[in-house]
Amino acid sequence: MSDNKNVRVRFAPSPTGALHIGGGHTALFNWLWARHNNGKFILRIEDTDLVRSTKEYEQTIMSGMKWLGLDWDEGPDIGGDYGPYRQSERLDIYRDYANKLVNEGKAYKDGEAIIFKVEPGQDISFNDIVYGQINVMSDGLKEQNSDKLKDIVIIKSDGMPTYNYAVVIDDHLMKMTHVIRGEDHISNTPKQILIYRALGWEVPTFAHLPMILGRDKKKLSKRHGATSIYEYRDMGYMPDSMFNFLALLGWSAGDDKEIFTRSQAAEWFELSRVTKKAAVFDFDKLNYINQEHLKALAPDVRLSMIKPFWIEAGLPVESHSDKYLEDALTLMAGRGRTAKEMAEFSDYFVSFEPVKARWTPEGLDKEKLNEFFKELFASPEWKAEALENIARNFIASHEGAKMKDYAMPLRFALTGMKVSPGIFEVAELMGKDECEKRVKFYFD
RNA sequence: GGUCCUAUCGUCUAGUGGCCUAGGACACAGCCCUUUCAAGGCUGCGGCGCGGGUUCGAAUCCCGCUAGGACCGCCA
């Protein structure tokens, strides 16, 4: 971990929707850079679009960030030395600097609006940590389908500052050392540099991040399904996994390290290792990463991840001890890619009802099976190993008997599924009484 | 139309002139394990967009082409 305590970066969402994948990705990289350097991560709300911004979305975005594990050091909710952190509360500041620009002849009024004058012939190139040298002349700042140079609106007719202007004022006043944001802002950067210069301010270091694309390689949008971070939570993806997955989009530790924790990522993170190419959001990889984290969880944490999904399915979670449920999930380790799947695949541990709803015996040799079950339940100890030994002895002593002919009916009676962890281990955990109850329901 | 950006297996990427007959991961296929299915182990399939240079030597540097993309809003 390097120690550039003066590093200050920010995530500046506009509260016009929930925290989406792209926003979470940007926030994550800023957080990573701040934590890597032991610097500060600031949250600023860009709510200058009066029509679309709401306090509800502001809350949703903040809780989305918390869910991902991205904590900030300064922000509208906790304050800080450079507030306020909501643009709608900084209107006087924007107005003052705009007037200054007008007085210096660098901007002009147009009705209620204030427009920044773009002069031709200026070199507004900059060096991006990710993209390298980007060369631009102000002469290229044209109006669409025209040769006319396009001046920059800085204060709108409604008195609110525009993005390209407010972002400069705030980033400077909030002492940002690095501006880390999506690649779609590269073209905005030269305009912002013009404003920094007009105000006589030092330009921060820029680092643009590659975009995130859908399977069809188009910019990620609602068409691709889930775009809000919360939708992933509801699908059973865990915050650790989303963090891990998002961190891998456009960055790698460079040492085949793919499954990691937040603190490991913060330790290894380097802006200079961020890639330039837009990355496709790959569900298969997300699933894999989620599964890995699911496997690695401590039993009590795993239970806390799965429980909500059992409850949602109406299962009587409260009638079991946490220990029992944790053990059940430990047995399930490696099964299911999401918390939701794992909950679905393990419902029989919580209740016999779903089993009954799923399975009805058909075409089985009940006589033989009853003989088998009788021996099984006569076992002096209800342990997986003992039960399996009984089964093997039974098979050895019966001509033509196969393990699967007995293990599968047992599995179905206990779980209602054709797939489960080792059935004798399941039986041990469920306990003799419960197993007997289930088997007797179907046989005998 | 203008400005800018990008280009390694299907996907995420390693790679910064020789260690590359291009490495890893996901996905996919096969095998092993096995009471089922996962997990795990092993094997396989599969890529430097094209064309020119520079160089003893290029995935790596330069030019062109092609293909994607971003921005050009009193949205952010």
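Lettering follows sequence order; numbering is per chain, from 1.
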So, OP1 or OP2 of [N]: does either fall under 4.0 Å of a side-chain N or O from [X]?
X        : N     : answer
A:Lys148 : B:G1  : no
A:Lys295 : B:A38 : no
A:Thr48  : B:A76 : yes
A:Lys191 : B:U3  : no
A:Ser187 : B:C72 : no
A:Arg337 : B:A27 : yes
A:Lys156 : B:A76 : yes
A:Arg392 : B:U35 : yes
A:Lys277 : B:U8  : yes
A:Arg273 : B:G15 : yes
A:Tyr288 : B:C26 : yes
A:Lys219 : B:G69 : no
A:Lys217 : B:U11 : yes

Return the nearest nucleotide to the side chain of [X]; candidates are [options].
X        : options             : value
A:Asn145 : B:G15, B:U6, B:G1   : B:G1
A:Val136 : B:C74, B:C4, B:A76  : B:C4
A:Ile134 : B:U35, B:U13, B:C5  : B:C5
A:Val153 : B:G73, B:C74, B:A27 : B:C74

Less than 3.5 Å apart, any donor N or O on the side chain of [X] or [Y] sitting next to an acceptor on the other?
X        : Y        : value
A:Tyr163 : A:Ser14  : no
A:Tyr85  : A:Glu74  : yes
A:Asp123 : A:Ser125 : yes
A:Glu292 : A:Asn290 : no

Discussion item. Among residues 396-407 of chain A, which ones have heavy-atom contacts with RNA chain B below 4.0 Å?
Written reply: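 Residues of residues 396-407 of chain A that come under 4.0 Å of RNA chain B are, in numerical order, A:Met403, A:Lys404, A:Ala407.
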
Fill in: Side-chain touch A:Glu183/A:Ile186, heavy atoms, less than 4.5 angstrom
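Result yes, sub-4.5 Å side-chain heavy-atom pair found.
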
Practice prompt. Sticking with atom C1', work out how far B:A29 lies from B:U35, rounded to a whole angstrom.
Written response: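 Per the computed distance, 25 Å lies between those C1' atoms.
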
Worksheet entry | Distance between P atoms of B:U6 and B:C61 (Å, rounded) |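 Their P atoms lie roughly 11 Å apart.
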
Discussion item. Whether A:Asp347 and A:Arg358 form a salt bridge (side-chain N of Lys/Arg under 4.0 Å from carboxylate O of Asp/Glu) is what I want to check.
Written reply: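 Salt bridge: yes.
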
Worksheet item: Salt bridge or not for A:Asp216 and A:Lys218, using N-O below 4.0 Å?
Response: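 Looking at A:Asp216 and A:Lys218, the cut-off is not met.
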
Fill in: Side-chain donor/acceptor of A:Lys285 to base of B:A25, under 3.5 Å
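For A:Lys285, whose side chain was compared with the base of B:A25, there is a donor-acceptor pair (under 3.5 Å).
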
Fill in: Derivation of the salt bridge (Lys or Arg N to Asp or Glu O under 4.0 Å) call for A:Asp47 and A:Lys55
CA-CA 9 Å; A:Asp47 55 351; A:Lys55 275 279 194 297; 5.3 Å; no

